[in-house]
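Read through the structure below, which is laid out as structure tokens, and then see the notes.
Computation of the quantities below employed the complete heavy-atom set of this structure, encompassing side-chain atoms and omitting hydrogens, waters and symmetry-equivalent molecules. Within every chain, numbering begins at 1; the chains are lettered A, B, ... in the order of the sequence lines, protein sequences first and strands thereafter.
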Protein chains: 2
Amino acid sequence: MNSSRPVTIKDIARRFRCSPSTVSRALNDHPAINEDTRKNIQEYAKEVGYQRNEVSLSLLNKKTASLGVVVPTISNYYETAVIEGLHTVLQPMGYTLNICVTNESYLLEKESLSKLLSNRTEGIFLSVSQETYDAGYYEHLESVIQRKTPLIFIDREYEDFETSRATVDDYHGAFAAVEHLISIGYKQIAHLKGPNGLTVSEQRFKGYINCLKKYNMPIREDLIINTNFKVESAILPTKRLLELASPPDAIFGVNDQVAIGAMRVAKDKGLRIPQDIGLVGFDNSPISAYTFPSLTTVHRPGRKIGMEASRLFLNQLNGSGDFAPESIVLPSELVIRESSLRI
Amino acid sequence: MNSSRPVTIKDIARRFRCSPSTVSRALNDHPAINEDTRKNIQEYAKEVGYQRNEVSLSLLNKKTASLGVVVPTISNYYETAVIEGLHTVLQPMGYTLNICVTNESYLLEKESLSKLLSNRTEGIFLSVSQETYDAGYYEHLESVIQRKTPLIFIDREYEDFETSRATVDDYHGAFAAVEHLISIGYKQIAHLKGPNGLTVSEQRFKGYINCLKKYNMPIREDLIINTNFKVESAILPTKRLLELASPPDAIFGVNDQVAIGAMRVAKDKGLRIPQDIGLVGFDNSPISAYTFPSLTTVHRPGRKIGMEASRLFLNQLNGSGDFAPESIVLPSELVIRESSLRI
DNA sequence: GAAATTTTTTCAAACGTTTGCATTCAATAT
DNA sequence: ATATTGAATGCAAACGTTTGAAAAAATTTC
């Protein structure tokens with residue numbers, strides 16, 4: 001019976017009539033092991049496909065080399081870019097990434113964290129779910145903190161936690177976007193807002209509002225409509241905007257997806273972009289450069305955020321006892337393309 | 001000194017002057033434990049934030065409840081949809097997903113698999129890297145097979161392995177796409193092909209070729225150009241196509257990204273879509289429904305593939321000894337939109 | 001009040017590996 | 001021939017948990 005039980009160090013020891021210690025040392029090139037013994041054991045190990053059981057080592061050394069990544073979703077360009085960034089830095093260092101998707105649910109987030117802790121994950125990257133954020137829950141984070149497991153916030157953060165965080169400067173990105181529209185000469189700028197309560201939504205919204213204020217432009221409640229970040233969630237809101245008695249002459253979308261949805265609706269209505277209506281998105285997703293017209297947007301360095309977050313984690317890990325949390329805020333950058341360039 | 005060493009069962013045992021066994025049983029509601037003892041221990045455990053060390057359990061039970069997902073990239077809509085599908089089924093069952101990105105590199109793939117096996121992952125979902133596929137390497141899979149760790153191929157497969165696999169019927173999808181273009185009346189259909197050697201590229205290419213053959217249409221080498229799936233890789237090839245003495249009147253892109261790139265170039269050249277040139281993509285990515293004109297494409301059920309792959313894994317896991325690998329081929333489905341509807 | 005029974009707790013082994021210390025054995029030095 | 005050295009290997013504990021079997025304690029029975 002070709003049992004599939006993995007070969008252990010004991011099996012090898014039995015085969016060579018020696019102790020497990022000897023096998024262990026032989027496999028690890030310990031100098032105190034006889035050259036012949038070493039070679040024989042190594043050869044045999046290779047032959048039978050021995051592979052060290054890392055689980056037992058984890059138990060022994062209390063090192064699992066695994067990290068948790070807890071995010072609301074992975075079906076956006078930005079989120080995957082962040083994960084790629086984490087990966088780029090951490091995979092080469094031997095870390096394994098455990099991805100947990102919360103679907104914006106508090107319960108799933110709580111369970112994910114608990115599971116990660118039980119698995120003795122060595123660090124957790126967390127972008128809190130909307131539900132968590134809305135409700136202001138934070139108890140589930142206490143145990144992470146208490147365990148002193150490094151916890152790095154990504155994008156969505158709690159102000160009152162002593163943890164490191166890596167975020168993009170959404171506020172100034174949004175501000176720059178709106179300022180750009182104003183500088184071109186657009187007068188009635190609408191905003192397709194993201195879900196209420198999320199930092200990213202609110203920061204961009206604040207950027208939008210404050211920029212309008214700065215330039216003494218009226219703030220019209222009817223030009224601000226919610227979306228859920230998805231392209232289809234922009235369709236109806238945009239239609240409503242364009243049917244207003246006094247419709248906007250520009251739209252600032254909370255991300256590229258909704259801006260592209262808006263673009264579609266505007267074109268369907270026969271409006272010319274950017275002549276009749278200006279458009280700006282957020283994210284600088286790959287597609288945004290190739291829409292027609294190409295979409296003015298705000299670049300959001302997802303990969304870089306992932307890499308910076310990794311750095312923050314490593315700092316905390318290697319830091320001496322007097323660890324001080326760091327906050328990294330990466331600048332977002334306006335990318336001007338055709339959809340806003342009315343001349 | 002507020003040590004962060006996690007509380008163990010032994011700590012609790014010491015506190016209650018009882019044996020670890022009692023604590024273990026108390027925490028697991030074992031019936032043989034005195035009611036008072038149980039309550040006291042459970043209360044105390046909660047108070048000090050005891051959390052079972054799953055690593056030790058993994059060692060004991062040889063069950064890690066973790067699964068490997070090895071993919072070339074996670075920055076495409078399709079790949080993330082697959083992962084979401086896996087997640088949807090497997091996370092509720094208590095599995096943790098270890099995501100490994102290979103960047104199409106054989107070496108990284110090999111290392112990832114080896115790592116997963118060392119970590120005693122209970123199953124592996126693999127979409128082989130292009131390098132692996134090109135070179136026809138397969139030795140690194142032997143150890144997975146030998147360990148009898150369930151291995152499920154996703155999309156890209158090796159014909160000669162006794163493993164389950166879940167793939168999309170790319171061939172017929174491509175065939176249907178081209179047939180549709182022909183039925184509309186397009187005569188010179190170009191193909192923006194994916195990278196050579198990859199199953200998805202080649203299957204779609206084959207569908208394209210065979211469809212042309214079936215309808216006795218000429219196969220023009222100059223209308224077939226390679227891309228790398230990314231939107232920008234479609235720009236130059238499309239330009240070249242459109243500058244031909246006898247340019248195509250339709251383009252079938254290997255995915256939505258390149259089709260959208262082609263759309264952009266065609267529009268820049270002043271061509272009307274679908275009147276002057278028809279366009280079809282592949283994937284049915286969210287954005288494809290909202291381009292202007294909307295993009296005819298072939299739906300590729302990524303989420304479903306992930307869910308089916310999970311099912312295959314579970315079948316293999318629960319199957320009796322006489323496991324027979326299954327092959328699931330999900331149909332792809334033509335989604336007709338504006339970009340090909342010349343009337 | 002002793003025997004029988006039931007309830008509750010402890011013991012010990014197991015999972016796979018590493019590692020400080022002890023041991024063995026052979027070779028060299030005296 | 002004996003003590004000394006050095007090389008090679010073995011022993012045992014440790015990591016945290018579970019679990020069958022044994023032991024101890026409490027309760028019931030006659």
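- Taking the side chain as every heavy atom from C-beta outward, I74(A) and H87(B) never approach each other to under 4.5 Å.
- Heavy atoms of S58(A) sit nowhere under 4.0 angstrom from any nucleic acid atom.
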Exercise for the section: Start with the C-alpha gap between S19(B) and T22(B), add the side-chain angles, then the distance that decides, and say whether side-chain hydrogen bond (donor to acceptor under 3.5 Å, both in side chains) holds. Expected result: CA-CA 5 Å; S19(B) 74; T22(B) 303; 3.3 Å; yes
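- Near DNA chain C, meaning a heavy atom under 4.0 Å away, the residues from residues 7-29 of chain A are T8(A), I9(A), K10(A), S21(A), S24(A), R25(A), N28(A).
- Rounded to whole Å, atom P of dC15(C) lies 14 Å from atom CG of L59(A).
- At whole-Å resolution of the value, CZ in R38(B) and P in dT7(C) are 16 Å apart.
- The number of heavy atoms from other shown groups lying within 6.0 Å of OH (Y138(A)) does not exceed 12.
- Here L60(A) lies in heavy-atom contact (under 4.0 Å) with a base.
- For R38(B) and E35(B), the salt-bridge test passes: some basic side-chain N is under 4.0 Å from an acidic carboxylate O.
- Put simply, K62(A) has a side-chain N or O that comes within less than 4.0 Å of OP1 or OP2 on dG16(D).
- Straight-line distance from the CG atom of N119(B) to the P atom of dT17(C): 13 Å, rounded to whole Å.
- Applying the 4.0 Å criterion to OP1 and OP2 of dT18(C), one finds that R52(A) has a side-chain N or O inside that range.
- Contact between the side-chain N/O atoms of N34(A) and the OP1/OP2 oxygens of dA8(D) is found at a separation under 4.0 Å.
- Rounded to whole Å, the distance from CZ on R120(B) to P on dT17(C) is 7 Å.
- The distance from atom CD1 of I33(A) to atom C1' of dG6(D) is 15 Å, rounded to the nearest whole Å.
- Summarising the local packing, OH of Y137(A) is surrounded by 12 or fewer heavy atoms from other residues, nucleotides or ligands at distances under 6.0 Å.
- Put simply, the side chain of I9(A) reaches to within 4.5 Å of the side chain of Y50(A), judged on heavy atoms.
- Atom CD of E139(A) has more than 12 heavy atoms from other residues, nucleotides or ligands within 6.0 Å.
- In this structure, K63(A) places its NZ atom 23 Å from P of dG16(C), rounding to the nearest Å.
- For the pair N61(B) CG and dG16(D) C1', the computed distance is 12 Å after rounding to whole Å.
- If you take CG of D36(B) and P of dT8(C), they are 10 Å apart, rounded to a whole angstrom.
- Each of P31(B) and S56(B) lies near DNA chain C, and the nucleotide nearest P31(B) is the one positioned closer to the 5' end.
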